[in-house]
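The block underneath contains the structure these notes are about, expressed in structure tokens.
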Amino acid sequence: MGLDLSPKLAKKVYGDDGGSYYAWCPNELPMLREGNIGAAKLALEKNGFALPRYSDSSMVAYVLQGGGVAGIILPESEEKVIAIKKGDAIALPFGVITWWYNKEDTELVVLFMGDTSKGHKPGQFTDFFLTGSNGIFTGFTTDFVKRAWDVDDDIAKALIGNQKGKGIVKLDANVKMPEPKPDHRKGMALNCEEAPLDTDIKNAGNVVLLNTQNLPLVGQVGLGADLVRLEGNAMCSPGFSCDSALQVTYIVKGSGRLQVVGVDGKLVLETIVKAGNLLIVPRFFVVSKIADPGGLSWFSIITTPNPMFTHLAGSIGAWKAISPEVLQAAFKVPAETEKLFRSKRTNDAIFFPPPN
């Protein structure tokens, strides 16, 4: 496989004093196009307002930093206004209209990853803005706007031309925006940093899975996700997605070593990953990571709402299920070596603490 798998950083697409929008380009990260995956980041300064929009792709949003307010309008449904904060994951199915606002001093940063297989461009999102200099109102002629919304000339011209901003604007501090409603949050967002852990290995790492059980909307999105936190110098077991799903990984915090082994047992990637990197592991390729002393955290989407993985090492590793005689013959080793091999990692599953 000749694709460049090396991790990449996002590049700025647009923005002004209210904030910026960044995206990963399929030309630089070919696996985006190959896997029909899009990835982008929204960064809002204080009083930054991301104008209402919808996308051609279903996606999962993850709040990397800060806090703010999100407006989410599902098709034929009322607007949900929810408070968002670091660690929140939000499923955004097709047809959802969203807006985002930051009233805090800390920059609000939201990651978007999703499926572009039904989008206009493989490997990247296309957003359609309701307002602004590139909004739908600017495309229709004045007479269409007047008739569709039953307004006069002056109102139509105001709707078409007043908002000069593109995508992101900075609001005056005295502008009043909708207050979030606590009951709107139920079923719309899950905080991965506060959710019950699906796996927790002492001195090694833990994981929270996002699936149809804890956030049913991911079923409509068609994606699963997880937040993995690896302790300093700990290791994540070599493993692969066994249901043909692609895994798209964003490094949230820290750094570490990563290796990927592909077809014919070839090492196709060995690199250091750092916060801000995005990478995609091809289907069935085996990946493993070792955290640097400061630890390593990553958020991934998986292209199925309830993903399945096969781990090749540890107490639940596939090797443990294979009979001793088969292992002996497969490795071409004596019984003593096979017994030693099988006796290791009997208590550690998925994550391995640092060696003594």
Side-chain angles (χ1 to χ4, degrees), residues 1-3 5-7 196-209 224 226-247 249 251 254-274 279-298 300 302 304 306-356:
M1 188 167 190
L3 286 174
L5 302 181
S6 58
L197 299 173
D198 290 277
T199 302
D200 186 15
I201 309 298
K202 186 178 180 181
N203 299 323
N206 57 63
V207 59
V208 170
L209 292 172
D226 59 22
L227 175 66
V228 180
R229 289 164 285 199
L230 205 56
E231 300 288 341
N233 298 314
M235 182 181 194
C236 182
S237 168
F240 64 94
S241 169
C242 58
D243 52 7
S244 85
L246 273 170
Q247 186 168 12
T249 298
I251 306 300
S255 60
R257 294 175 57 202
L258 175 140
Q259 292 187 352
V260 178
V261 175
V263 180
D264 292 328
K266 287 186 170 58
L267 181 66
V268 293
L269 180 64
E270 180 172 19
T271 190
I272 300 294
V273 290
K274 299 177 181 178
L279 65 135
I280 305 177
V281 177
R283 291 178 173 89
F284 302 111
F285 282 36
V286 179
V287 61
S288 183
K289 306 177 187 76
I290 298 177
D292 286 341
L296 180 65
S297 300
W298 62 89
S300 298
I302 303 100
T304 178
N306 294 296
M308 295 179 64
F309 292 93
T310 293
H311 295 277
L312 298 179
S315 58
I316 60 170
W319 297 120
K320 295 284 194 275
I322 299 176
S323 56
E325 298 83 359
V326 171
L327 278 187
Q328 261 183 263
F331 279 118
K332 198 178 177 180
V333 294
E336 294 76 19
T337 302
E338 189 281 327
K339 285 179 183 175
L340 179 66
F341 176 68
R342 187 181 293 276
S343 70
K344 301 294 186 179
R345 296 288 185 211
T346 55
N347 297 317
D348 303 321
I350 305 178
F351 305 123
F352 310 143
N356 294 326

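Everything numeric in this text was worked out from a predicted model, so none of it was measured.
- Between L279 and L5 the shortest side-chain heavy-atom distance does not fall below 4.5 Å.
- Annotation: R283, atom CZ; neighbour count of heavy atoms from other residues, nucleotides and ligands within 6.0 Å is above 12.
- Within the structure, every pair that satisfies the side-chain hydrogen bond (donor to acceptor under 3.5 Å, both in side chains) test and touches residues 329-340, not counting sequence neighbours, is listed here: E338-R342.
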Exercise. Do E231 and N203 pass the side chain to side chain contact (heavy atoms under 4.5 Å, CB included) test, and can you show the C-alpha distance, the side-chain angles, and the key distance before you say yes or no?
Worked result: CA-CA 6 Å; E231 300 288 341; N203 299 323; 5.6 Å; no
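- Summarising the geometry, atom CD1 belonging to I350 is positioned 4.0 Å from atom OG1 belonging to T199; distances are rounded to the nearest 0.5 Å.
- Under the 4.5 Å side-chain criterion, counting only non-hydrogen atoms from C-beta, L296 is in contact with I251.
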Problem set entry | Derivation of the side chain to side chain contact (heavy atoms under 4.5 Å, CB included) call for L197 and R229 | CA-CA 11 Å; L197 299 173; R229 289 164 285 199; 3.5 Å; yes
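- The CD atom of Q259 sits 9.0 Å away from the CG atom of L269 when rounded to the nearest 0.5 Å.
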Exercise. Can L246 and I302 be said to form a side chain to side chain contact (heavy atoms under 4.5 Å, CB included), step by step?
Worked result: CA-CA 6 Å; L246 273 170; I302 303 100; over 6 Å; no
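- Using a 4.5 Å heavy-atom cutoff, the side chains of W298 and C236 are in contact.
- When atom types are taken as modelled, the side chain of D200 and the backbone of N206 share no donor-acceptor pair closer than 3.5 angstrom.
- Between R257 and I272, the closest side-chain pair of non-hydrogen atoms falls below 4.5 Å.
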Problem set entry | Working for side chain to side chain contact (heavy atoms under 4.5 Å, CB included), residues D292 and N233 | CA-CA 5 Å; D292 286 341; N233 298 314; 5.7 Å; no
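- For the residue pair T249 / S300, a side-chain donor-acceptor distance below 3.5 Å is found, with atom types taken as modelled.
- By the 30° and 60° cut-offs, the orientation of the rings of F284 relative to F240 is tilted.
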